[in-house]
4 protein chains.
Amino acid sequence: MAALQKSIDKRNALINATIDLVNNDGFHATPMSKIAKMACVSPATIYLYFENKQDLVNKTYIEVKSNYTAYAFATYDESMSVEKGFEVIWKRIADFKLKESAHAMFLAQCDNTPMIDEESRQEGIKHLQPLLDLWARGKKEGIIKPLSDYMLYAYSINPLSFLMITQNRGSVKLDAKELDQAFEAAWSSIKACK
Amino acid sequence: MAALQKSIDKRNALINATIDLVNNDGFHATPMSKIAKMACVSPATIYLYFENKQDLVNKTYIEVKSNYTAYAFATYDESMSVEKGFEVIWKRIADFKLKESAHAMFLAQCDNTPMIDEESRQEGIKHLQPLLDLWARGKKEGIIKPLSDYMLYAYSINPLSFLMITQNRGSVKLDAKELDQAFEAAWSSIKACK
Amino acid sequence: MAALQKSIDKRNALINATIDLVNNDGFHATPMSKIAKMACVSPATIYLYFENKQDLVNKTYIEVKSNYTAYAFATYDESMSVEKGFEVIWKRIADFKLKESAHAMFLAQCDNTPMIDEESRQEGIKHLQPLLDLWARGKKEGIIKPLSDYMLYAYSINPLSFLMITQNRGSVKLDAKELDQAFEAAWSSIKACK
Amino acid sequence: MAALQKSIDKRNALINATIDLVNNDGFHATPMSKIAKMACVSPATIYLYFENKQDLVNKTYIEVKSNYTAYAFATYDESMSVEKGFEVIWKRIADFKLKESAHAMFLAQCDNTPMIDEESRQEGIKHLQPLLDLWARGKKEGIIKPLSDYMLYAYSINPLSFLMITQNRGSVKLDAKELDQAFEAAWSSIKACK
DNA sequence: CATGAATGAGTATTCATTCAT
DNA sequence: AATGAATGAATACTCATTCAT
């Protein structure tokens, strides 16, 4: 048990080091040796947990993405109304992106870069299903515009990524009032007009 | 004259090769030798036009960003109404992102990655001023929601980047109808409610 | 223990390869890859033992210089008379320069070239102190001319470098008789006239 | 004539640039492009005057060496006594080494380095003949010790190189008094004992 | 499991030299 | 004669990965 825990700790240390370093220096300037050093293990040890650098970054991506979606849907319940459900999910996502910004930055970099395997990318997308289901329900009920999921995501969720990056660069600080405005904008762009 | 043109051609070939290769393989997997080969010059020749790899990618970024904004505002005129002006600019931006998708992909990668110097990033932002001026006018006239520029950008412009990337990955194809929907969503997220 | 010895062996092999190659081809024509090959290690291995090429050559200089002075004073004893002491040291130096000529050649090249860091040069000079002390004693006793240490070195020790180089170029062969003449010349140039 | 003069000027500028740069940075850190820049010509122009880098440095060596010997013997006359002749030559050499120290430094670097062709080295030695003749005379007359020319050079002339280098490094300043001491040491090391 | 040492294959960059003008 | 642009062949150095311990 203790041994297993130590293993998990090491794996986590490696994942976290990868996130930190890739965030700050970029994938191209993040050598395995630096990751090892930050995780306080030998470079060789990385290869006990991951096949190679590509695998390390793929697995990191999947893990972070999975944390992200778990967080997003943690307080959501399918019995909620579409409107309420969307608000609940949106706010959790906003929370994650702005508070766990290191993780969110890492995802943003992965999503805009040929740095992740296509397969891992697909794997990462899967977990968004509850949101897509909610939207399907919303469209059927005439509450949500009959747009493709990509379009809905582009206008209601993705802007949060941009705001998160901007905030991380120090250009802007998002407080409660602005978050409300953001939600308002998100909702008004996808809710069906009466 | 002919010599000058040859120089310009070579520089352009290098810039284009950089865009192509960074788009497909990522900055980390784009060696100078490959760029040189694609541009049909010797590796050493790159250093006649750029100081080093970082400078090459910085200059490429600034050039592409500058083309992007020039394209965005080419048909815009300050005498237009806010509503018309926004539509004109938005459609040009959409055009650029979806048709010149290689350039747009390159910008997206640069904007989400520590691959560009902060200085070059700032340089790239400058040219967006006409849009910010338009928004200022719209806010004064009560036509546009009184949101920060970052917020307006996040909801009305940035979603196009997400749609562009998604289309480039083959997940979706944006036709005229969907572009209209996108514009509708963009506009409704920033226009002031009556 | 064995591992440590292997490390020391490798470091020594690198130092020796550096001496050999710099002697024969000059610093400018001695690539790291050649040094590695001669030391039977990979080029990358050099960087486990030295920071870079400059560091390798600095450290080599300091090591050789240190061997040189250790050799020079090995049989000297401060209780000796000035005359005897000088003879003992001079003969050891002559021995070193003429027998360990590869090392002596390397030092000569370093001493006449901007190939070594100033800091390493200073480090190398330090160890000559016993000779300077001997001269101080000699001057006090009126046995040695009241000249600066540089002057004494120039006339009594440095000529050996010239002779060593000339011998190495094959122009001359120094046998016992000529060594005696050389010592005679050295001594007569610095001993106080009665 | 004017055209010829311009050519000579360029050649001289190249030679001087070579001396300066090799003195300050070392042969290994002196690229042709830098030499060209300092001489205010194009890199390609160097090849109109010299075959290649090796040739440039060989020719520079021969030229400097030749200036050196011309200077050394300029005021010497074979009708002088051995003692007077030696003093005259020695003082001119000292003058050259300490006043034209850039040239002297360059020679010292060449003489202790495999940076010059053997052939050019031989060519450079030739011009010392008058000194050797003087010594031959001195030995016959019993005024000079019956030592080989190398030995005489090592003790009476070469120390000046060491003193010149030391002075150039700033460790010591040779004034008139010290020059007299140096001459005294030089002479006493080679003059025959009565 | 864990590691530090070792490395081969690469990478950015430089440089002596050439060539079209 | 003179040049600036161009380049192929190096070169110092890095890094993902392996292996003996």
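Chain letters run A, B, ... following the sequence lines, proteins first, then strands; residues in each count from 1.
Annotation: side chain to side chain donor-acceptor pair (under 3.5 Å) contacts involving residues 38-54 of chain B, sequence neighbours excluded, comprise S7(B)-Y49(B), Q54(B)-N58(B). Residue pairs satisfying the ring pair (Phe, Tyr, Trp, His ring centres under 6.0 Å) criterion with at least one member in residues 15-35 of chain A, sequence neighbours excluded, are listed as follows: F27(A)-H28(B), H28(A)-F27(B).
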Begin from the C-alpha positions of T113(A) and M115(B) and carry the test side-chain contact (heavy atoms from CB on, under 4.5 Å) through to its verdict. CA-CA 11 Å; T113(A) 281; M115(B) 137 191 169; over 6 Å; no
Would you please test Q5(C) and D9(C) for side-chain hydrogen bond (donor to acceptor under 3.5 Å, both in side chains) and show each step? CA-CA 6 Å; Q5(C) 187 53 49; D9(C) 288 351; 2.8 Å; yes
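Summarising the geometry, the separation between NZ on K34(B) and C1' on dA12(E) is reported as 16 Å, rounded to the nearest angstrom. The separation between E51(C) atom CD and dT14(F) atom C1' is 15 Å, rounded to whole Å. Note: CG (N52(D)) to P (dT18(E)) measures 9 Å, nearest angstrom. Counting to the nearest Å, the C1' atom of dA1(F) and the CD1 atom of I8(D) are 15 Å from each other. In this structure, CG of L4(C) is placed 15 Å from C1' of dT21(F), rounded to the nearest angstrom. To the nearest angstrom, C1' of dT13(E) lies 15 Å from NZ of K53(C). Between the OH atom of Y47(C) and the P atom of dT11(F) there is a distance of 12 Å, given to the nearest Å. Rounded to an integer number of Å, the gap from I35(B) CD1 to dT11(E) C1' is 12 Å.
Annotation: the span from I35(C) atom CD1 to T60(C) atom OG1 amounts to 7.5 Å, rounded to 0.5 Å. Going from atom NZ of K34(A) over to atom OG1 of T18(A) covers 12.5 Å, rounded to the nearest 0.5 Å.
Each of T30(B) and T30(D) has a nearest nucleotide on DNA chain E; the 5'-most of these lies closest to T30(B).
A heavy-atom distance below 4.5 Å is found between the side chains of M32(A) and L56(A).
The partner of dC15(F) is dG8(E), by the rule that a Watson-Crick or G-U pair needs both atom distances under 3.5 Å. The partner of dT21(F) is dA2(E), judged by Watson-Crick or G-U wobble contacts that both fall below 3.5 Å.
For DNA chain E, no neighbouring residue in residues 13-22 of chain D is found when judged by any heavy atom under 4.0 Å.
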Donor-acceptor pairs are to be reported for all side-chain atoms of residues 105-112 of chain A against protein atoms at under 3.5 Å, with residues two or more places apart or in another chain.
| unit_1 | atom_1 | unit_2 | atom_2 | d |
| --- | --- | --- | --- | --- |
| Q109(A) | NE2 | V22(A) | O | 3.3 |
| D111(A) | OD1 | Y61(A) | OH | 3.0 |
| N112(A) | ND2 | A108(A) | O | 2.7 |

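Looking at residues two or more places apart in sequence or on another chain, you find a side-chain contact (heavy atoms from CB on, under 4.5 Å) between A13(C) and A39(C).
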Kindly give the atom pairs (protein nitrogen or oxygen, nucleotide nitrogen or oxygen) under 3.5 Å for nucleotides 5-9 of chain F.
| unit_1 | atom_1 | unit_2 | atom_2 | d |
| --- | --- | --- | --- | --- |
| dA6(F) | OP1 | K10(B) | NZ | 2.8 |
| dA6(F) | OP2 | Y49(B) | OH | 2.9 |
| dT7(F) | OP2 | S42(B) | N | 3.4 |
| dT7(F) | OP2 | T45(B) | OG1 | 2.3 |
| dG8(F) | N7 | S42(B) | OG | 3.1 |

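Closest to the side chain of M32(A), from the set dA16(E), dA16(F), dA12(E), is dA16(F).
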